[in-house]
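Since the structure comes first, as structure tokens, the remarks are kept for the end.
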Amino acid sequence: MSAQLPVIDLHTHSNCSDGTQEPADVVRSAAAAGIDVLSLTDHDVIAGWMPAAQAAAEVGVSLVPGVELSTQSDGISVHILAYLLDPEHRELADLMTAVRAHRDTRMRRTVDLLSADGYPVGYDAILEHVGTGVTLGRPHVADALVRSGAFVDRNAVFEDLLHSRSRYYVRHWAPQASDAVQLIRAAGGVPIMAHPFAHARGRTVTETVIGDLVEAGLAGLEVHHRDHDAVAMQQAGALCARWGLIQTGSSDYHGTGKSNALAEFTTDPQQFDRILERGSGSALMGHQP
Ligand code: AMP
Ligand code: FE
Ligand code: FE
Ligand code: ZN
């Protein structure tokens, strides 16, 4: 690392969930994009940590072990990023396994609804294109429709068929956000709420709910994210100031699955230091700064 400030991107996805690149390729792309500190935060799975760490050591990137947990509060989807958690914490590992199983069931239902209306999707065909143990999501259904030639890309499928108000939208079980926050803390992790005011994704929780999560142990908010407009960033930043929370900014990179570019938003090194101070379940992997 030079005298310049490190470039820190703490929210990315590989094909262990709904990104399009192998974990090691996400890391190599990050290095090429000038990133010094990267977190791979696949949805509800940590299977990418080891291959990502190996690539990170090779290309001189520090890898923050991470995950993005699917949770809910009163039925409203809440994504909780967790950093430096203990990968062997039994209850947390079991929770992620349960969420992945419910996502599998939900994918079958989604495919049934779509195929009943003539859309060319099949559960088995989708699974042929994903690895074992992968966290299944709507993007994998979208990919099947893109392969069929009916849509140009994932985004087109989401706009037409898979958005959260669509008749083809199926919910899946997810834990209470407050329970997930407590569990992440119990596993030594640092819980940060992802894109809290990303209204275009669907309903978002109130400041009161976020306050309750802070009481439960939430450590910070993702302030700078492409799904936040200026008002949302301002609101999230103000909550961080009011409650002394850690502020992050990240890309939410998904390879070619979304237009989000690596390091399009980044985290301030001083804020990252606060994450390092609080996390006790695992250590930085890959290159040691
Ligand atoms: P799920 O968690 O299965 O409900 O699917 C949500 C995921 O879909 C998010 O994590 C995004 O990665 C992805 N997603 C949402 N909207 C879009 C979009 N317009 N284009 C591409 N991917 C999207
Ligand atoms: Fe995603
Ligand atoms: Fe998210
Ligand atoms: Zn994400």
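In listed order, ligands and their atoms are each counted from 1. Counting begins at 1 with the first residue of the sequence. The basis for the numbers below is simple: all heavy atoms, side chains too, and nothing from hydrogens, waters or symmetry mates.
Using a heavy-atom distance under 4.0 Å as the criterion, the protein contacts of ligand 1 are D18, H43, R103, R106, G137, R138, P139, R154, N155, F158, H254, G257, K258.
Protein atoms of type N, O or S found under 2.8 Å from the Zn ion (ligand 4) total 4.
Salt-bridge formation is not detected for the pair E159/R154: no Lys NZ or Arg NE/NH1/NH2 atom is positioned less than 4.0 Å from an Asp or Glu carboxylate oxygen.
Across every non-hydrogen atom of N15 and P23, the tightest pair is OD1-CD, 3.6 Å. Across all non-hydrogen atoms, the minimal contact from L38 to V26 is CD2-CG1, 4.4 Å. Smallest separation of non-hydrogen atoms from A263 and D9: N-OD2, 2.8 Å.
Contact annotation: D252 places no N, O or S atom under 2.8 Å from the Fe ion (ligand 2). Residue H13 does not count as close to the Fe ion (ligand 2), with no N, O or S atom under 2.8 Å.
Residue pairs meeting the ring pair (Phe, Tyr, Trp, His ring centres under 6.0 Å) criterion with at least one member in residues 89-147, sequence neighbours excluded, are H102-W173, Y119-Y168.
Shown here are the ring pair (Phe, Tyr, Trp, His ring centres under 6.0 Å) partners of H195, two or more places apart in sequence or in another chain: H79, H225.
In summary, the side chains of H287 and S62 do not present any donor paired with an acceptor at a separation below 3.5 Å, with no hydrogens or angles considered. For the residue pair Q271 / R274, a side-chain donor-acceptor distance below 3.5 Å is found, with atom types taken as modelled.
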